[in-house]
Amino acid sequence: MSGFFDTKIDYLRGVGPQKAALINKELNIFTYGELIQHYPFRYEDRTKFYKIREITEDLENVQVIAKIRSIETIGEGRRKRLVAHIFDDTGEMELTWFKGLQWVVKKLVIGVPFVFYGKPNRYGRKFSIAHPEMEPLSQVQEEKSFFQPVYSTTEKLRARFLDSKGISKIMEGLIQACYPQIQETLPIDILHRFNLIPKRDALRQIHFPENPELLKRARFRLKFEEFFFVQLRLLKLKLTRTEKSHGQVLNQTELLTKFYKEHLPFQLTEAQKRVVREAYGDMKSGKQMNRLIQGDVGSGKTMVAFICILIAISSGAQACLMAPTEILANQHYEGLKEYADLMGLNIALLTGSTKKSTRKVIHEMLLSGDLHIIIGTHALLEDVVQFRNLGLAIVDEQHRFGVAQRAKLWAKNENFYPHVLVMTATPIPRTLAMTLYGDLDISVIDELPAGRKPIQTVHRYDKDRLKVFGFMRKQILEGRQVYVVYPLIQESETLDLKNLMDGYESICRAFPEFPVSIVHGDMKPSDKDFEMQRFVKGETKIMVATTVIEVGVNVPNASVMIVENAERFGLSQLHQLRGRVGRGADQSYCILMTKYELSKDSRVRLDTMVRTNNGFEIADVDLKLRGPGDLMGTQQSGIADLMIADLSKDAPILTLARDAAEQLLQEDPELVRPEHAMVLRQIKAQKKHEINWSRIS
Ligand code: ADP
Ligand code: MG
């Protein structure tokens, strides 16, 4: 299918080099193949006419047949507008124009029936359409489609007559030129089994549907196909690995038994036990483990990690744990060192700010095998970091690392790929997990340690700040500590930083009696670390920070999380932040501060946070609000490239597609059978277009 579909759109009838250049730039579309995937985002039924009385505000666009009663111009100069009063036998409404008035006036004829079309807005009791499409009824030609495609376009394209209609025209030519060239991409038995229409018909129907039924089937077919190939690729990856990559057998548990007997500080939850069993099952299997541990914040992933580390070391291997930030690596180091010391194991920390001399020692000790555990950041990925026998690599907070980085870890052991355990606190809905991490096995810690009190979350407006300060003081006097978090985004960094500093100062003024820490991205890592440690040790009572503390930091005594400008945070981020408290036995609180005026989406986010502590429920709302393309990690998986399927709505199709892909690989793992040739061809064609797919971020 490739050759022909790689043709530049310049060669398409009605396009030409100038328009092509504009489309390249505005829509990032260069070839026939890309253009044909510019699917309509909705369809309009232009066979339907509304009576004026039937119009409601939630209608997207309406088409009415009406006569003009009168025309007037209102206002002066640039604010001048033209208003036409129209009516049918059920009521009256208005049409408004702000531009091109002279031209419009010429077209309007009083007392003659017109077809008007556009988005109705309510003004008082009347509806009005701004800049409607219009045509005298007598000149309206029979519409050939029930479903007129609506394409996304841009201001610049519109100015060059490439509005939705213009694009539709081009598309007509494209489909005509392409139709005979479109090859089937799915095996015939899958088409039959799932009652799918052929690819070429699907493409034609998606752009120019003949009827609702065919449109539905076209959409189904194309969504199915998208999911199918994503799943196939992930499953193939997994297959290759489980077939080809032997894993070191790590089946010894002496250290673990000793730890359980002598040092385990609490009872493991049932969920933790289950996940440990699952990981242990992998590690002793002789196949490489590639397991994702999903667990809400505070579910105790670190302990599970440490237990796996003990298994690895008992069996004569080394272990590493990689975290996305220095603060987090530090924290893991401090936490695990305590246990490692009890067990007489050697552990070290390696980050960007580790001194050269220390580094050298660490490198040597890793090579000799004297160092059992290494904790660190990306610095661990450097080629100079070599192990005597790395058996287990743990990656915390996966979403910050790419697939390719995970792969780099594999190369750290020449004899066996190390077992890989990925831990994430970003709860993702099952559908997304399946797609994002389809190449991993998944374990879920779906239980919090006993005795945790659910965090109480409230939403407060900025004007209530004094009351909030009062609450903070009370908590601190009771021995607790408090986080105050500010947003920091790249685009408005200076402003945000000022905001943070102002906030810090006002807190210092309001609480002269308490020591206050501050941590933000502009500080030297060593300073950050120093401040963080002061807070961890309880020397400071309030931690003013940007989202650098978002992931993983663990201070059980902190019981209040205040989020400033909470409306600017995404849901998953808010949930992560809230997860920094509620880690001890005390009642914890999360206070979301916002200005008074909020967008609809912000309200939904805040209400969701107040309503529930359940990370999966929150992730679901998040997925619905933002769409999956925005969720972290999607970039690396190719999911962001979905053209038509929608993870938040099409989960059932995803499941079918995944089953189909699984079955296909069972029957023909290498896809060598002639009846599957098209599948292989399609995978290759996609690969060619996805050079960036596994780019290291
Ligand atoms: P996360 O899953 O967010 O990484 P942590 O591993 O940091 O969570 O654990 C959060 C807190 O819960 C830590 O203070 C840890 O010591 C504690 N913890 C973990 N497991 C248990 C358990 N089974 N019972 C009681 N406390 C636990
Ligand atoms: Mg953690």
Side-chain angles (χ1 to χ4, degrees), residues 256 259-260 263-277 279 291-310 321-342 375-377 394-401 421-428 442-455 480-481 483 532 535-538 547-559 561 572-586 588 590 613-616 618-619 632:
L256 185 54
F259 182 69
Y260 275 174
H263 304 296
L264 188 66
F266 37 66
Q267 279 262 325
L268 294 182
T269 63
E270 286 308 311
Q272 282 172 316
K273 284 186 205 160
R274 190 185 63 237
V275 174
V276 166
R277 272 200 304 274
R291 187 169 285 280
L292 174 77
I293 299 185
Q294 251 197 357
D296 212 340
V297 280
S299 60
K301 293 184 289 295
T302 317
M303 184 48 80
V304 172
F306 186 69
I307 289 170
C308 293
I309 289 174
L310 288 178
L321 191 162
M322 184 164 76
T325 64
E326 232 167 87
I327 290 184
L328 197 53
N330 247 310
Q331 178 112 29
H332 272 310
Y333 174 69
E334 297 290 332
L336 293 183
K337 186 171 182 354
E338 201 179 307
Y339 299 137
D341 286 351
L342 288 171
I375 314 287
T377 53
I394 302 173
V395 182
D396 195 14
E397 310 293 353
Q398 146 75 11
H399 61 261
R400 308 243 164 150
F401 294 110
L421 204 55
V422 176
M423 304 194 293
T424 173
T426 316
I428 28 181
I442 299 181
S443 292
V444 182
I445 309 185
D446 48 7
E447 180 188 0
L448 293 180
R452 293 269 174 82
K453 296 197 181 76
I455 301 163
R480 308 284 98 78
Q481 287 164 282
Y483 292 105
M532 207 54 229
F535 188 68
V536 171
K537 288 187 200 131
T547 43
V548 288
I549 63 149
E550 176 190 338
V551 278
V553 172
N554 187 19
V555 181
N557 191 48
S559 69
M561 165 62 64
S572 70
Q573 231 182 348
L574 287 174
H575 183 63
Q576 287 291 316
L577 284 171
R578 177 166 62 183
R580 298 308 109 215
V581 297
R583 305 191 143 232
D586 310 301
S588 292
C590 175
N613 273 307
N614 182 324
F616 285 91
I618 288 171
M632 288 192 240

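Counting from 1, the numbers follow the sequence of the chain as shown. Just so we're clear, the structure is a prediction, and the values are computed from it rather than from any experiment. Each ligand, and each atom within it, is numbered from 1 in the order the structure gives.
Atom CE of residue Met561 and atom CD of residue Gln481 lie 12.0 Å apart, to the nearest 0.5 angstrom.
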Please assess Lys273 against Glu270 for the test salt bridge (charged side-chain N to carboxylate O under 4.0 Å, His left out), listing each intermediate value before the final yes or no.
-> CA-CA 5 Å; Lys273 284 186 205 160; Glu270 286 308 311; 3.2 Å; yes
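Thr269 places none of its side-chain heavy atoms less than 4.5 Å from the side chain of Leu448.
Contact detail for Lys301 and Gly295: the closest heavy-atom pair is NZ-O, 2.9 Å. Heavy-atom minimum distance, Gln272 versus Val304: CG-CG2, 3.9 Å.
At a 4.0 Å cut-off, not a single heavy atom of His332 sits close enough to ligand 1 to count as contact.
Considering Pro556, Ala271, Pro449, Gly298 only, the shortest heavy-atom separation from atom 3 (O) of ligand 1 involves Gly298. Considering only non-hydrogen atoms, atom 12 (O) of ligand 1 lies nearest to Arg452 out of Arg452, Arg583, Met303.
Under a 4.0 Å N-O distance rule, the pair Asp586/Arg452 does not qualify as a salt bridge.
Lys453 is linked by a salt bridge (charged side-chain N to carboxylate O under 4.0 Å, His left out) to nothing, counting only residues two or more places apart in sequence or in another chain. Applying the ring pair (Phe, Tyr, Trp, His ring centres under 6.0 Å) criterion to Phe306, with sequence neighbours excluded, gives Phe259, Tyr339.
At a 4.0 Å heavy-atom cut-off, ligand 1 touches Thr269 through backbone and side chain alike. At a heavy-atom cutoff of 4.0 Å, ligand 1 is contacted by no atom of Glu270, backbone or side chain.
Distances below 4.0 Å separate heavy atoms of Ser299 from the following atoms of ligand 1: 2 (O), 8 (O). Against a heavy-atom cut-off of under 4.0 Å, Leu268 is close to the following atoms of ligand 1: 23 (N). Close contacts of ligand 1 with Gln267, meaning ligand atoms under 4.0 Å from a residue heavy atom, involve 22 (C), 23 (N), 24 (N). The atoms of ligand 1 that sit less than 4.0 Å from any heavy atom of Thr302 are 4 (O), 5 (P), 6 (O), 7 (O).
Ligand 1 has a nitrogen or oxygen under 3.5 angstrom from a nitrogen or oxygen of Gly300. For a threshold of 3.5 Å applied to N or O pairs, the pair formed by Gly295 and ligand 1 contains no separation below that value.
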